[in-house]
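Have a look at the structure below, then the notes.
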Amino acid sequence: MASERTTDQLIFFVNGQKVLEKNVDPETTLLTYLRRKLGLPGTKLGCGEGGCGACTVMISKFDNSQKKIVHYSVNACLFPICALHRVAVTTVEGIGSTKTRLHPVQERIAKSHGSQCGFCTPGIVMSMYTLLRNRPQPNMEEIEENFQGNLCRCTGYRPILQGYRTFAKDWSCCGKGINGPGCCMAGKDGGCCGGKVNDTGCCMNEKEDNAAMVSSILFNPAEFHPLDPTQEPIFPPELLMQKDKPQEQLCFKGERVMWIQPTTLEELLALKAQYPKAKLVVGNTEVGIEMKLKNMLYPVIIAPAWIPEMTFVQHTEEGITFGAACTLSFVEVVLKKAVAELPSCKTELFQAVLEQLRWFAGPQIKNVAALGGNIMTASPISDLNPVFMACGSKLTLASKEGRRTIRMDENFFTGYRKTMLKPKEILLSIEMPYSRKREYFSAFKQASRREDDIAIVTCGMRVLFHEGSNRVQEIKLTYGGMAPTTVLAEKTCQDLIGREWNENLLQEACRLLADEMNLSPSAPGGMVDFRRTLTLSFFFKFYLIVLQKLNKSPNGNNNLEELVPSKYVSATELFRKDPVANVQLFQEVPAGQSVEDMVGRPVVHLSAAKQACGEAVYCDDMPCYENERYLTLVTSTKAHAKIISIDTTEAQSVPGFVCFISAKDIPGSNVTGVANDELVFADNTVTCIGHVIGGVVADTHEHSRRAAKAVKIKYEDLTPIVTIQEAIEKQSFYKSPKKIEKGDVQNGFEESDHVVEGEMYIGGQEHFYLETHCTIAVPKGEDGEMELFVSTQNPMKTQECVASALGVPANRILVRVKRLGGGFGGKESRNILLSTAVAVAAFKTGHPVRCMLDRDEDMLITGGRHPFLGRYKVGFMKNGKINSLEVSYYSNGGNSEDLSLAVMDRALFHMDNSYNIPNIKGVGTVCKTNLSSNTAFRGFGGPQGMMVVECWMSDVILTCGLPAEQVRKLNLYNEGDLTHFNQKLEEFTLRRCWEECLVNSKYEARRKLIDEFNRQNRWKKRGIAIIPTKFGISFTLSFLNQAGALVHVYTDGSVLLTHGGTEMGQGLHTKMIQVASRTLGIPTTSIHLSETSTNTVPNTSATAASVSTDLNGMAVLRACETILERLKPFERSNPKGSWKDWVGAAYIKCVSLSATGFYRIPDLWYDYEKNEGNPFNYFSYGVACSEVEIDCLTGDHKNLRTDIVMDVGTSLNPAIDIGQIEGGFIQGLGLFTLEELRYSPEGDLYTRGPGMYKIPAFGDIPTEFYVSLLRDCPNSKAIYSSKAVGEPPLFLSASVFYAIKDAIFAARAESGLKGPFRLDSPATPERIRNACIDMFTKLCPSAKPGTFKPWSVRV
């Protein structure tokens, strides 16, 4: 078997530098190697499963089959180091730097405000860079498709696309196409689209009479450096010289895995004979995930990427044959060429494969994943296998015994992830046949998210008609997602042969499919009714598409009685999305404002350039300390149980094992948590799956992870409480319910014309910050001192809890925070779980200890947004005026109190949203369950509280039969009204926002167009909704509304600024420097902000509740004013002097140049008993109008347009504020339409990574996205008249949810259903489809609840 030419030496290049490695460990990924071995931390670890794109790098190599150098993007977290032989790797550090010059790709994302927390930025930069290396002038569609493998949680994607569309050949400033329909410059001379790029003559810079100047210029593209492809780094000449040299077989042996890369087919077949259980790996996109997340081990891996017989493409008379190791990207290129050049009647199959590949995954996966791997993985939800089975693709198999050719039919898959191949056989090639005349092919896929998502149901459908007729000769209907394997609807197909393609065939096929494609109500994956309905919906679409093609067929039967009704045509259209168009409007600074005064200007985030170059340092980017150890947490696999024993014997045998830590190793107190009701390490009892029991310390991350998995724990099961419903039944609550009541509710009901009751469930949400929780603890060796570098929003609480666990005073613990890769509330209190454990490990070992949670650990352990159940009874008049409301809120708090009671407080404070309800009573109850403790999340209970409001408002509107906007407007508050908690509304701008949004969105005209569209289309429906929000600003726990700042002025005039807030992408540090710059009257370049730490500003409140700018800004102002006061004598004595002169003079006169500032918000209090007080400093207001289109057959929806008008006071930084509005809106879009946490009945979280949990992607943002900041609305209650902006906009995305509900109402009306109906959140494709009741849903009746055990439960 062994080749005569075998080597264990790896040669590759990284950023132009040659790397030689002897016998690397096959389990090492490129990402680990870059970060740990080469010290290149710019490439980030976001998920470890190729689902987020944070680790994107570019691979370049000479491709012998194409005879050219190829560049392609890959996920470094999956790419094996062993696969790098003779390739060049380019990372974000290799293309540009702040020290030399930024590459245009880096410059444009930074200057267009496309980087907030910055953790995803290097990956996005490298995706765009790779595209430009291949296509220096892409079009907008190519740019948007290029980002299918990248996620961002902060920006809402718009600024990234807006910055990068300046590279497009079809670029225009608003995204509408130069002077095309809807272009902002259409019909105007010159201006931003026509030549004067964003000049003063731009269409968006027109003054209204007596109005302040309005601008849409957040950045100026004219300042961008041009892209010059000739200046890119060259491909290493040494690698080019080796292109003709024969490859040597590679063999690498690691601790557990051997990697062999043969050079010939003979070698490969010999190896497969010797190691029949060996896995063949090309892209590692499946095996890598199995080994990391599913604890699988493959001792021998064979890499066939160099075998010519497996990487070829051949055009034959029958079709196109691909080698099994051809990548999906390569297949896509070949098939696109074939479709373009061949008659369409021959390429029906190719078009279907291309449609599946379009939504298969991001480029990073398709560039490395092999066609053969997709087949041999034998996934029951494979996108391509149903297509290949439906067309009967020929597969060539090979072994040492010889070759054989088989058809991929219903017998190919023999069981779950099993095929009919013999152990010593390999898949050599796949033939995709040309379609014949009168043969039609379609493929469909439905997923939770359109881009880069695994299928719920997928299918391939083929039909061949007898010559000259519409009688079925052959038909194949194959499905994925309906069984443990890809299945053929054999009985249905048999029954349809010989039938005419008409309505009778359709009815019979649906009846047969409903019977044959049945699923157990307990089937893995859940969504049983939805999946069954999809099988029929897909066939109906296929039926219509074929009918259309038969009608167009030149030599077909043109006397067809069956024509596709015009109302049905839209059901045949493939999913298409136009490139994003946008305009963002804000108020210019007043005329005469100093050029150096940056307040009110769209200043770029201070770290944006560093983030775009991979230079910004996050917690885990810090270089390793000498003798540093790594911790992996050991967590419970039971939701509620007693711990009987913990056995670490097997763990101790793992190389590099240092020790196991548990409750007995804690030198101080094991009690921790916000409410002191948690333990650092579980002792005796566990109360959720993911409960931290202990941790394994080892020399590396990989060793500690392996050892942690080897710890054996025995349990005695106790009964868990998982859902809100179970908690209500068992009266399992935290403390007594909270209540707010005003007016006479009962009397209000009696005086109402109508009374409606109902309930709504709002699912939870995972924070999915791109940077998971991370802590490094460094013991100082004396006096119990310890320094911690933590990714936290709450340094004070971290300091307090670590000190308690170690048994030392807080003054011995220093917590330092440079920046966070996203927080959203998830790092306000839950980082304590990790930080205390890491500190205990560092204390026990005496070494620095590091831990960054893997994505699956983070999602399991740290909790998320609280799921809510709202039950309501609302009384109202015929005109829609609300008289009375009674509402009960239940939230799922999880296994500890954490911040759940405060979250419920805010929900109750927002149970009116923006509506004046004279008689109102709300009760809030927090359920105690056996799930990981839920916690703070952007909006902090407000969105859940307001969502229930809009739910009953929707019922009121449907009951009255009146226009939605009319009823909502009728009930809005007015200036001076009292809220239900008796706080007076002052500076009330909501009605202005409402009117402006109605005008901006052209609401009335579009409402008519939507109604017309719905009349003309049966299976696509559109909906529109306009939704207001009123969000109270302050911590509801009044003593937290305080902040401190520290200002040092140095003798050269430079200023070092520190304050109590942490930077997590929201631009807080940038705004603080703007504030200090204006106050001190010096340029922002003279001011530096290094980090947040407990030894500079003590006792800081968490960076949360949207008040960090308000609090810290005033503290910074006061510190700066103190400095200015001290400098006044020197300024008076030298009025013509400079800032530096006055500072120098003060120093010589021994005047202190350091000052602290402190601020608290005055007059905040509230009494629940008396229902009086001012819990909030002020309110932020906003209104959004959204339009959607739903596919009634699949549940898909498209976000067509959103208009937002937001009151942010006098904006400190319009670019940052608009970024927060859009980012919050898109995060809310996820909450209300996409993101769904799935739990087993036993409380086990299924959705532990981007594979199953879907946050919004680039393609989910509204096609038209318009944001306008309300003008002339200064806020007297905050720094420089600004307003909080972090949380208030999130709820505006409810406009998308209620637009979907509006569209569903139109669909239900077609089936004769009128009046209110229930739609829980999120409005996933499953919920949308199931709500659009029609003839197909009726063929798939639901199983009766209680008669089966569901796969997942609603918690």
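Side chains included, hydrogens not; waters and symmetry mates left out as well; all remaining heavy atoms used. Residues take their numbers from the sequence shown, with the count starting at 1.
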**Request:** Show your working on side-chain hydrogen bond (donor to acceptor under 3.5 Å, both in side chains) between Thr1096 and Thr1058 and close with a plain yes or no.
**Result:** CA-CA 7 Å; Thr1096 51; Thr1058 314; 4.7 Å; no
**Request:** Evaluate the criterion salt bridge (charged side-chain N to carboxylate O under 4.0 Å, His left out) for residue pair Arg830 and Glu678; output intermediate values, then yes/no.
**Result:** CA-CA 11 Å; Arg830 302 317 290 162; Glu678 299 182 67; 2.9 Å; yes
**Request:** May I have the step-by-step check of side chain to side chain contact (heavy atoms under 4.5 Å, CB included) for Thr775 and Cys851, ending in yes or no?
**Result:** CA-CA 6 Å; Thr775 296; Cys851 179; 5.8 Å; no
**Request:** For Met1064 and Cys117, run side chain to side chain contact (heavy atoms under 4.5 Å, CB included): C-alpha distance rounded to whole Å, both residues' side-chain angles, the deciding distance at 0.1 Å, then the answer.
**Result:** CA-CA 5 Å; Met1064 48 191 164; Cys117 87; 5.7 Å; no
**Request:** Evaluate salt bridge (charged side-chain N to carboxylate O under 4.0 Å, His left out) for Glu628 paired with Arg850, printing each intermediate quantity in order.
**Result:** CA-CA 7 Å; Glu628 183 181 287; Arg850 177 185 306 245; 2.6 Å; yes
**Message:** Run the side chain to side chain contact (heavy atoms under 4.5 Å, CB included) test on Arg35 and Asp621 for me, step by step, so that the C-alpha distance in whole Å, both residues' side-chain angles and the decisive distance to 0.1 Å come before the verdict.
**Reply:** CA-CA 8 Å; Arg35 293 179 60 82; Asp621 294 343; 2.7 Å; yes
**Message:** Between Lys844 and Cys659, is the side chain to side chain contact (heavy atoms under 4.5 Å, CB included) condition met? List the steps.
**Reply:** CA-CA 9 Å; Lys844 179 172 179 174; Cys659 65; 4.2 Å; yes
**salt bridge (charged side-chain N to carboxylate O under 4.0 Å, His left out) assessment of Glu787 paired with Arg816** = CA-CA 8 Å; Glu787 185 175 22; Arg816 297 173 62 183; 2.5 Å; yes
**Request:** Go through Lys818 and Glu771 one step at a time and tell me if the salt bridge (charged side-chain N to carboxylate O under 4.0 Å, His left out) criterion holds.
**Result:** CA-CA 13 Å; Lys818 185 77 173 175; Glu771 177 205 33; over 6 Å; no
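With hydrogens and angles left out, the side-chain atoms of Arg865 and Gln765 include a donor and acceptor closer than 3.5 Å. Remark: the Ser933 side chain and the Ser896 side chain contain an N/O donor-acceptor pair separated by less than 3.5 Å. A donor and an acceptor atom, one from each side chain of Thr798 and Ser835, are nowhere located under 3.5 Å apart. Residues Ser791 and Lys827 have side chains that bring a donor and an acceptor to within less than 3.5 angstrom of each other. A donor-acceptor pair shorter than 3.5 Å cannot be found between the side chains of Asn794 and Thr792. Using a 3.5 Å distance cut-off with no hydrogens or angles, the side chains of Ser607 and Arg819 do pair a donor with an acceptor.
Ion pairing of Lys709 with Glu702 is absent here, as no side-chain N (NZ or NE/NH1/NH2) approaches a carboxylate O to less than 4.0 Å. For Lys44 and Asp620, the salt-bridge test fails: no basic side-chain N is under 4.0 Å from an acidic carboxylate O.
Looking at residues two or more places apart in sequence or on another chain, you find a side chain to side chain contact (heavy atoms under 4.5 Å, CB included) between Asn1095 and Leu814, Ser1093. Evaluation of the ring-ring contact (aromatic ring centres under 6.0 Å, His included) rule for Phe937 yields His767 as partners, not counting sequence neighbours. With sequence neighbours excluded, no residue forms a side chain to side chain donor-acceptor pair (under 3.5 Å) with Glu857. Partners of Arg855 by side chain to side chain donor-acceptor pair (under 3.5 Å), not counting sequence neighbours: none found. Remark: His701 engages Tyr630 in a ring-ring contact (aromatic ring centres under 6.0 Å, His included) (not counting sequence neighbours). In this view, Ile713 and Val634, Ile643, Ile646, Ile693, Val711, Tyr715 satisfy the side chain to side chain contact (heavy atoms under 4.5 Å, CB included) rule, not counting sequence neighbours. With sequence neighbours excluded, the residues forming a side chain to side chain contact (heavy atoms under 4.5 Å, CB included) with Cys120 are Ile124, Cys152, Leu770, listed by chain and number. Every residue was checked against the side chain to side chain contact (heavy atoms under 4.5 Å, CB included) condition with Asn684, not counting sequence neighbours, and none meets it. In terms of the ring-ring contact (aromatic ring centres under 6.0 Å, His included) criterion, Tyr734 has no residue partners (sequence neighbours excluded). When the ring-ring contact (aromatic ring centres under 6.0 Å, His included) test is applied to Tyr1246, the partners found at least two apart in sequence or on another chain are Trp1351.
Under the side chain to side chain donor-acceptor pair (under 3.5 Å) test applied with Thr929, the options Asn934, Asn892, Asn895 reduce to a single match, Asn892.
With rounding to the nearest 0.5 angstrom, the NZ atom of Lys294 is 7.5 Å from the CD1 atom of Ile289. Atoms CG and OG1, on Leu834 and Thr862 in that order, are 10.0 Å from each other to the nearest 0.5 Å. Here the straight-line distance linking atom OG1 of Thr719 with atom CG of Asn930 works out to 9.5 Å at 0.5 Å rounding. Taking SG of Cys47 as the start and CG of Asn75 as the end, the distance is 7.0 Å to the nearest 0.5 Å. Separation of atoms CD (Gln793) and OG1 (Thr1092) is listed at 11.5 Å; rounding is to 0.5 Å. Going from atom OG1 of Thr672 over to atom CD of Glu800 covers 8.5 Å, rounded to the nearest 0.5 Å.
Contact between Val257 and Pro26 at its shortest, heavy atoms only, is O-CG, 3.3 Å. When all heavy atoms are compared, the tightest approach of Tyr618 to Gly118 is OH-C, 3.1 Å. Contact detail for Ala651 and Ala707: the closest heavy-atom pair is CB-O, 3.2 Å. For the residue pair Thr1103 and Gly1061, the shortest heavy atom distance occurs at OG1-CA, 3.3 Å. Between Val686 and His691, the closest heavy-atom pair is CA-ND1, 3.6 Å. Summarising the geometry of Met786 relative to Ala777, their closest heavy-atom pair is SD-CB, 3.9 Å, with the distance given to 0.1 Å.
A ring-ring contact (aromatic ring centres under 6.0 Å, His included) check over residues 770-805, counting only residues at least two apart or in different chains, returns the pairs Tyr769-His773. Sorted by first and then second residue, the side chain to side chain donor-acceptor pair (under 3.5 Å) pairs with a member in residues 632-642 read Thr632-Ser704; sequence neighbours excluded.
At least one test fails for Arg1248 against the ring of Tyr1253: distance under 6.0 Å to the centre or angle within 45° of the axis.
Not a single donor-acceptor pair under 3.5 Å links the side chain of Gln1066 to the backbone N or O of Glu1063. Of the possible polar contacts, one joining the Thr772 side chain to the Leu853 backbone as a donor-acceptor pair under 3.5 Å is found.
Crowding of Phe843 atom CZ: a count of heavy atoms from other residues, nucleotides or ligands under 6.0 Å not exceeding 12.
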